[in-house]
Protein chains: 2
Amino acid sequence: MPDQLSQVFAALADPTRRDLVARLAVGDATVGQLAAPYDVSLQAVSKHLKVLETAGLVTRGRDAQRRPVHLEAEVFDLMTKWIERYRQQAEERFARLDAVLAAMNDTSATPEEGQTA
Amino acid sequence: MPDQLSQVFAALADPTRRDLVARLAVGDATVGQLAAPYDVSLQAVSKHLKVLETAGLVTRGRDAQRRPVHLEAEVFDLMTKWIERYRQQAEERFARLDAVLAAMNDTSATPEEGQTA
DNA sequence: GAGCTTGTCAACCATCTGGTTGAGCACCGA
DNA sequence: TCGGTGCTCAACCAGATGGTTGACAAGCTC
């Protein structure tokens, strides 16, 4: 079983599943309601929902024979945190690089290749 | 060819590729340097980098026979925007639901099923 | 030029994925 | 209890994916 972050990214890599998430953000829905707009079989949509469920993006309740699907927004934080961490890191590095370049222009010194980056 | 958002999510669904991104956030690196920590072949890492490249997460330069790999942080925004959009939407809905529940408690009226959600 | 270094391309293989159809379970309504 | 509704499970199939190895291009260095 892969880690949750991988599962979340993989789940959202599919446009149909992203669309499902988009619609579930508006409100809970049954499998049949969710499947209606697509020309694929109900079973295919059910599979997509299972992927979203094991990724933790969605939970399924019970209402007689219906299985209302509910979006779990908290999992998004997992991704956001991962993304933000490396985006900020990269941006800080750019800032440092800019500073280095500016310093180089100021002094017109030899680059020296002293840094790892 | 799938849309870029799908490609970005798919690219980051692999732990090795997320690790590569994490290391590239620290600084540019050559393919050999990036491949060193893993026990897979250099070709496998080269393939991973190609996936990251076609997703727009990474660019490759030239330095003699070396191909320094560079992280492109802007693409992260694409994901962040998508995520934030639906997270906020879902959270607003929760807030509205809370309000409805609170109102129901106040009045003790019949639910009436008047809303879609 | 010969040979090492760095990396890509191509072919192949096992596994995963998204789709299908068919069967069947759970539940409601008559 | 009989049938219809809502959905899942299982088996199967085509194509994508991640890994391998082998060949080779590009570029320094001797």
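The analysis underlying the following values was restricted to heavy atoms, covering all of them including side chains, and did not include hydrogens, waters or symmetry mates. All values reported here derive from a predicted model rather than from experimental measurement. Throughout, a chain's letter reflects where its sequence line sits, starting with A, and its residues are numbered from 1.
In summary, the side chains of D3(A) and S6(A) do present a donor paired with an acceptor at a separation below 3.5 Å, with no hydrogens or angles considered.
Applying the side-chain hydrogen bond (donor to acceptor under 3.5 Å, both in side chains) test to R85(A) and every residue at least two apart in sequence or in another chain returns nothing. Scored by the side-chain hydrogen bond (donor to acceptor under 3.5 Å, both in side chains) test, R67(B) finds no partners at all (sequence neighbours excluded). Partners of E84(A) under the salt bridge (Lys or Arg N to Asp or Glu O under 4.0 Å) rule, at least two apart in sequence or in another chain, are R87(A). Applying the salt bridge (Lys or Arg N to Asp or Glu O under 4.0 Å) criterion to D19(B), with sequence neighbours excluded, gives no partner residue. Qualifying ring-ring contact (aromatic ring centres under 6.0 Å, His included) partners for Y86(B), counting only residues two or more places apart in sequence or in other chains: W82(B).
Atoms NZ and CG, from K81(A) and L5(A) in turn, are 11.5 Å apart once rounded to the nearest 0.5 Å. Note that CG of L12(B) and CG of L12(A) are 11.0 Å apart. Values are rounded to the nearest 0.5 Å.
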Strictly under 3.5 Å: I want the nitrogen or oxygen pairs between protein and nucleotides 27-30 of chain C, one per line.
{"from": "dC27(C)", "atom 1": "OP1", "to": "R62(A)", "atom 2": "NH1", "distance (Å)": "3.4"}
{"from": "dC27(C)", "atom 1": "O2", "to": "Q65(A)", "atom 2": "NE2", "distance (Å)": "3.4"}

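Checked by atom type and distance alone, the side chain of Q4(B) pairs as donor or acceptor with a backbone atom of A55(B) at under 3.5 Å.
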Could you list the donor-acceptor pairs under 3.5 angstrom formed between side-chain atoms of residues 57-66 of chain B and any protein atom two or more places apart in sequence or on another chain?
{"from": "T59(B)", "atom 1": "OG1", "to": "E72(B)", "atom 2": "OE2", "distance (Å)": "3.0"}
{"from": "R60(B)", "atom 1": "NE", "to": "E53(B)", "atom 2": "OE1", "distance (Å)": "3.2"}
{"from": "R60(B)", "atom 1": "NH2", "to": "E53(B)", "atom 2": "OE1", "distance (Å)": "2.9"}

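Think of the region where chain B sits on DNA chain D: with heavy atoms and a 4.0 Å cut, that region ends 5' and 3' at dG18(D) to dC28(D).
For the segment residues 40-58 of chain B, the set of residues with a heavy atom within less than 4.0 Å of an atom of DNA chain D comprises V40(B), S41(B), Q43(B), A44(B), K47(B), H48(B), in numerical order. Within a heavy-atom distance below 4.0 Å of DNA chain C, the residues of residues 9-18 of chain A found are D14(A), R17(A).
Screening residues 40-51 of chain A for side chain to side chain donor-acceptor pair (under 3.5 Å), with sequence neighbours left out, gives R17(A)-H48(A). Residue pairs meeting the ring-ring contact (aromatic ring centres under 6.0 Å, His included) criterion with at least one partner in residues 49-70 of chain B, sequence neighbours excluded, are F94(A)-H70(B).
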